[in-house]
Amino acid sequence: PMQREERHNGMGLVNRGQSLYVLGKPGAGKTTFLKNVAVRAIANQLGSPTVQRLPLFVPLHEWANSKHDELLSFLVEQLDTHHFPEAEKFLEHLLENGNGLLLFDGLDEVRQEKEQRARLAQQLRDFTKKYDKNQTYDTRKGFGAQTNSKNKSQPSAHFGTATRGHTKKEGMFKDQM
């Protein structure tokens with residue numbers, strides 16, 4: 001008999017405090033989900049009230065099309081643009097202490113020419129390995145097993161409709177916004 005996949009509320013998975021890949025087809029609501037996570041984090045409606053994380057929403061195609069090779073310098077420029085004082089010092093402190101909620105959106109939207117997507121993916125792995133105390137969410141379309149910096153299978157959750165049996169996953173979820 002076919003086993004039924006377990007479903008979880010998306011925010012319930014977020015509140016557990018672990019990092020996830022959010023997978024789904026184009027238009028399934030992955031970006032909307034991440035933006036909802038950011039809004040709830042700002043309103044302190046996520047997880048434990050003693051563990052507050054500052055959300056950093058990163059549209060990966062914008063980083064890929066910027067002049068910055070390093071993600072940290074891209075983030076610093078984003079804050080500097082809005083006259084945030086001592087942006088680099090602030091971000092380094094935030095990330096080194098694990099107080100970031102890193103919301104990486106749309107790796108699949110980065111061009112593949114000249115191996116740009118592969119380079120960016122490697123830089124993301126290096127960044128999240130360096131700042132591994134932070135909670136991380138990464139959206140992408142398609143399905144497949146993902147590996148985190150510690151070479152363990154990182155939980156993934158399918159958003160919207162999904163084909164059965166393609167990944168090791170925490171469970172299926174559909175956010176109830």
Side-chain angles (χ1 to χ4, degrees), residues 10 13-14 17-38 41 53-82 84 86-160 162-163 166-170 173:
L13 293 176
V14 170
Q18 66 187 94
S19 297
L20 288 172
Y21 288 100
V22 181
L23 307 173
K25 294 181 179 181
K30 301 176 301 292
T31 299
T32 301
F33 178 75
L34 280 191
K35 289 180 177 182
N36 191 29
V37 169
R53 297 183 189 265
L54 182 68
L56 299 171
F57 184 85
V58 183
L60 295 175
H61 69 279
E62 288 183 21
W63 173 33
N65 295 327
S66 76
K67 63 182 180 190
H68 299 281
D69 290 328
E70 299 292 324
L71 178 56
L72 186 61
S73 66
F74 173 74
L75 294 172
V76 167
E77 181 183 80
Q78 298 305 301
L79 292 180
D80 280 343
T81 299
H82 298 285
F84 193 95
E86 300 185 47
E88 186 170 4
K89 185 177 176 180
F90 172 79
L91 283 171
E92 286 176 351
H93 179 77
L94 178 86
L95 296 169
E96 286 169 3
N97 289 297
N99 295 322
L101 176 59
L102 305 172
L103 306 168
F104 299 125
D105 186 45
L107 182 61
D108 55 287
E109 295 172 18
V110 175
R111 292 178 292 173
Q112 294 218 41
E113 59 194 48
K114 299 180 184 174
E115 305 211 9
Q116 184 179 21
R117 188 180 302 171
R119 252 190 343 269
L120 198 76
Q122 182 60 50
Q123 289 172 331
L124 277 176
R125 283 189 292 276
D126 293 345
F127 187 86
T128 55
K129 183 177 181 181
K130 180 177 180 178
Y131 300 112
D132 64 351
K133 294 178 190 175
N134 298 278
Q135 195 172 349
T136 305
Y137 294 92
D138 178 1
T139 68
R140 55 184 77 183
K141 68 181 177 185
F143 309 104
Q146 304 297 330
T147 304
N148 70 11
S149 61
K150 295 181 178 76
N151 293 324
K152 296 178 186 171
S153 183
Q154 181 166 338
S156 62
H158 294 214
F159 201 98
T163 306
H166 285 288
T167 66
K168 295 177 183 176
K169 57 185 172 291
E170 174 80 14
F173 72 87

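No hydrogens, no waters, no symmetry mates; every other heavy atom, side chains included, goes into these values. Position 1 is the first residue of the sequence; numbering continues from there.
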Inset, instruction - State which residues pass side-chain hydrogen bond (donor to acceptor under 3.5 Å, both in side chains) with Ser73; sequence neighbours excluded, sorted by chain then number. - result: His68

Would you say the side-chain atoms of [X] pair up with the backbone N or O of [Y], donor to acceptor, closer than 3.5 Å?
| X | Y | answer |
| --- | --- | --- |
| Gln78 | Val58 | no |
| Lys30 | Val22 | no |
| Arg53 | Gly98 | yes |

Rounded to the nearest 0.5 Å, what separates atom [atom1] in [X] from atom [atom2] in [Y]?
| X | Y | atom1 | atom2 | value |
| --- | --- | --- | --- | --- |
| Leu60 | Glu109 | CG | CD | 8.5 Å |
| Gln123 | Asp69 | CD | CG | 6.5 Å |
| Thr31 | Leu103 | OG1 | CG | 10.5 Å |

Inset, instruction - Name all residues meeting the side chain to side chain contact (heavy atoms under 4.5 Å, CB included) criterion together with Ala87; count only those two or more places apart in sequence or in a different chain, and write none if there are none. - result: Val76, Leu79, Asp80, Phe84

Inset, instruction - Kindly write out the residues that satisfy side chain to side chain contact (heavy atoms under 4.5 Å, CB included) with Gln116, not counting sequence neighbours, or none if the list is empty. - result: Ala64, Asn65, Val110, Arg111, Arg119

Which heavy atom of [X] sits nearest to which heavy atom of [Y], and what is that distance?
| X | Y | answer |
| --- | --- | --- |
| Leu72 | Phe127 | N-CE1, 4.1 Å |
| Glu77 | Lys67 | OE2-CE, 3.2 Å |
| Leu107 | Arg117 | O-NE, 3.4 Å |
| Leu94 | Asn134 | O-OD1, 3.9 Å |
| Pro55 | Ala38 | CG-O, 3.6 Å |
| Trp63 | Leu71 | CZ2-N, 3.4 Å |

Inset, instruction - Give a yes or no on whether Glu70 atom CD has more than 12 heavy-atom contacts from other residues, nucleotides or ligands under 6.0 Å away. - result: no

Inset, instruction - Please check if atom CD in Glu115 has more than 12 non-hydrogen atoms from other residues, nucleotides or ligands closer than 6.0 Å. - result: no

Inset, instruction - Given side chain to side chain contact (heavy atoms under 4.5 Å, CB included), test Leu91 with Leu56 step by step and report yes or no. - result: CA-CA 10 Å; Leu91 283 171; Leu56 299 171; 4.0 Å; yes

Inset, instruction - Test side chain to side chain contact (heavy atoms under 4.5 Å, CB included) on Phe104 and Leu120 and set out the steps. - result: CA-CA 11 Å; Phe104 299 125; Leu120 198 76; over 6 Å; no

Inset, instruction - Dump the intermediate steps for side chain to side chain contact (heavy atoms under 4.5 Å, CB included) on Phe33 and Asp105, then the final yes or no. - result: CA-CA 10 Å; Phe33 178 75; Asp105 186 45; over 6 Å; no

Legend entry - Check against side chain to side chain contact (heavy atoms under 4.5 Å, CB included), Tyr137 and Leu101: CA-CA 8 Å; Tyr137 294 92; Leu101 176 59; 3.5 Å; yes

